[in-house]
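Inspection log for the structure reproduced underneath, given as structure tokens.
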There are 2 protein chains.
Amino acid sequence: MENIAPSDATGWMPSLDQGGASVHNAVVSVLGSRILGGDYAPGAALPREEELCAMLGVSRTSVREAVKVLSAKGLVEARRRAGVRVLPRDSWRLLDPVVLGWHPSIQDDEELVSGLLEARRIFEPAAAELAARRASAADLAEIERAVVGMRDNIPGDLNAVCQADLAFHKGVIAASHNVVLKGLVGMLEAALRATFLVTNPLMEAQSRALSAHVAVLEAIRVRDTAGARGAMNRLLDIAADDLHARG
Amino acid sequence: MENIAPSDATGWMPSLDQGGASVHNAVVSVLGSRILGGDYAPGAALPREEELCAMLGVSRTSVREAVKVLSAKGLVEARRRAGVRVLPRDSWRLLDPVVLGWHPSIQDDEELVSGLLEARRIFEPAAAELAARRASAADLAEIERAVVGMRDNIPGDLNAVCQADLAFHKGVIAASHNVVLKGLVGMLEAALRATFLVTNPLMEAQSRALSAHVAVLEAIRVRDTAGARGAMNRLLDIAADDLHARG
DNA sequence: TGCGCTTGAGGATCGCGGCCATCACCACGC
DNA sequence: GCGTGGTGATGGCCGCGATCCTCAAGCGCA
């Protein structure tokens with residue numbers, strides 16, 4: 001029965017503890033995390049509005065807005081008399097980065113991790129091939145900047161390396177100029193984050209990964225579609241190896 | 001300045017004209033369609049809450065809930081003093097079937113149609129390959145039922161054929177047992193609907209498509225992964241041909 | 001005198017609480 | 001067994017105050 005709001009009258013702690021900066025975002029985040037975490041299982045019913053208000057210390061307006069948002073993301077369904085029930089996992093918009101961000105520990109969800117990696121092996125090589133065909137000068141510059149960012153931070157700042165790695169894959173997908181693939185960057189972001197959490201920062205692994213990234217970049221630059229696809233495949237092989245070795 | 005609500009006091013027309021069954025769903029649907037239709041371009045600001053209320057004939061509560069939903073789907077962003085602004089298309093959750101359903105005419109959006117088909121050619125053959133490896137008896141029965149549904153309605157009910165076709169592709173993706181791929185069924189649904197709108201019901205095309213579907217089913221049944229991938233590729237070749245011939 | 005930073009007021013959304021309407025479900029009665 | 005009314009939940013509307021971002025006017029400095 002924790003309390004989100006700063007509660008009563010006396011003091012005023014300016015910050016909210018969870019999620020976004022606004023009250024209803026905090027409610028959305030709390031309920032979403034609780035659903036993804038399994039506290040409210042699919043098929044189960046959430047507490048009534050009134051109870052949620054009391055539980056979270058917010059007004060009905062915020063709770064109702066939060067329920068609407070969760071409903072928009074396919075997590076719950078609100079019916080008139082029956083209250084709010086959690087929908088089965090198949091209807092959850094797991095490709096929504098926000099929803100994926102509510103997962104308490106992606107790296108421990110075996111089905112999700114393998115599904116994400118499998119999906120990456122399906123569409124990232126294809127994205128690289130399309131990028132080799134369509135990348136503009138700006139796209140190439142973006143990808144190259146990411147590679148440079150990886151190289152310059154390799155022995156040191158691990159966080160910067162991760163961000164550059166993410167920027168690299170985002171750049172390749174953006175260079176594919178495909179609307180659907182661009183809709184998958186959120187999923188990719190979550191997948192990479194999970195990978196970074198599992199894969200320890202091994203020097204050798206990092207240098208291998210860097211050379212694979214360079215190979216993808218060069219293949220795209222010279223418009224070698226098959227080479228780009230193959231280089232991306234090798235890159236994902238390395239990632240899968242690291243993931244498997246550590247898992 | 002149309003009015004969603006039944007307006008004033010005298011009469012009471014029970015039905016809402018747009019979208020779902022509830023008021024806020026109607027508002028969401030109207031605003032979403034208007035954004036997708038280009039009436040509110042990316043970067044532009046929506047009218048103020050008060051104006052939207054007057055324009056749609058609903059209360060601020062409904063408008064605000066609708067804005068929250070649209071914000072959850074990445075269409076708009078509400079900032080305090082600046083009002084509600086439409087976000088760039090890249091942040092729209094186009095993989096959300098609801099969002100895609102707001103598109104006024106998918107078949108006329110060249111970039112979207114080609115992007116959808118391209119995406120299908122990337123991940124549907126892969127899904128067929130995975131299905132050949134993992135399909136359960138129930139999965140196979142579901143796919144087979146869809147094929148039978150296509151065959152039995154081929155000369156007659158076009159709508160039933162389309163539904164069976166959709167069920168077929170859904171079944172293959174479900175049989176792949178991949179979380180990410182299952183998240184793409186909404187996109188697939190919109191893609192198929194757009195295809196059906198363009199491709200006229202040619203007898204020869206339908207029979208060709210049917211045999212291709214049967215080939216995919218048989219390959220999955222005998223666990224022929226490469227065959228399933230190839231058959232799905234041929235199926236998509238046919239679809240692309242029909243689409244191109246008519247486009 | 002011109003430019004840039006600060007500060008003030010305005011104005012929009014945000015959040016709250018109460019109210020009534022609506023509708024599904026259940027139990028009672030015919 | 002079926003119809004009907006009670007009951008309790010969500011759906012929707014309204015007005016209020018708080019908040020805080022934005023824009024622009026005003027001031028200081030070179």
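Here is the naming used below: chain letters follow the sequence lines, and residue numbers restart at 1 for every chain. These numbers come from the heavy atoms of this one structure, side chains and all, not from hydrogens, waters or symmetry mates.
Rounded to whole Å, atom P of C/dT13 lies 14 Å from atom CZ of B/R85. Remark: C1' of C/dC14 and CZ of B/R48 are 16 Å apart, rounded to the nearest angstrom. Per the geometry, CZ belonging to B/R80 stands 10 Å off P belonging to C/dT13, to the nearest Å. Look at CZ on A/R60: it is 19 Å from P on C/dC14, rounded to the nearest Å. Rounded to whole Å, atom C1' of D/dT10 lies 12 Å from atom CZ of A/R79. When rounded to the nearest whole Å, the span between NZ of A/K68 and P of D/dT10 equals 10 Å. The distance between atom CD of B/E77 and atom P of C/dC14, rounded to the nearest whole Å, is 11 Å. To the nearest angstrom, P of D/dT19 lies 18 Å from CD of B/E49.
The existence of a salt bridge linking A/R134 and B/E118 is confirmed by a sub-4.0 Å separation between a basic side-chain nitrogen and an acidic carboxylate oxygen. Under a 4.0 Å N-O distance rule, the pair A/K68/A/E65 does not qualify as a salt bridge. In summary, A/K170 and A/E189 engage in a salt bridge, as defined by a charged side-chain N under 4.0 Å from a carboxylate O.
Set against C/dC16, D/dC13, D/dA9, the side chain of B/V58 has D/dC13 as its closest nucleotide. Counting only heavy atoms from C-beta on, B/T61 has its side chain closest to D/dC14 among D/dG12, D/dC14, D/dT10. The side chain of B/S59 lies closest to D/dG12, out of C/dC14, D/dG12, C/dG15. Between C/dG15, D/dC13, D/dC23, one nucleotide has an atom nearer to the side chain of B/R81 than all others, and that is D/dC23.
Where A/A82 and A/H24 each meet DNA chain C at their nearest nucleotide, the meeting point lying more 5' is that of A/H24.
Within 6.0 Å of atom CD in B/E51, more than 12 heavy atoms from other residues, nucleotides or ligands are found, so the atom counts as buried in its surroundings.
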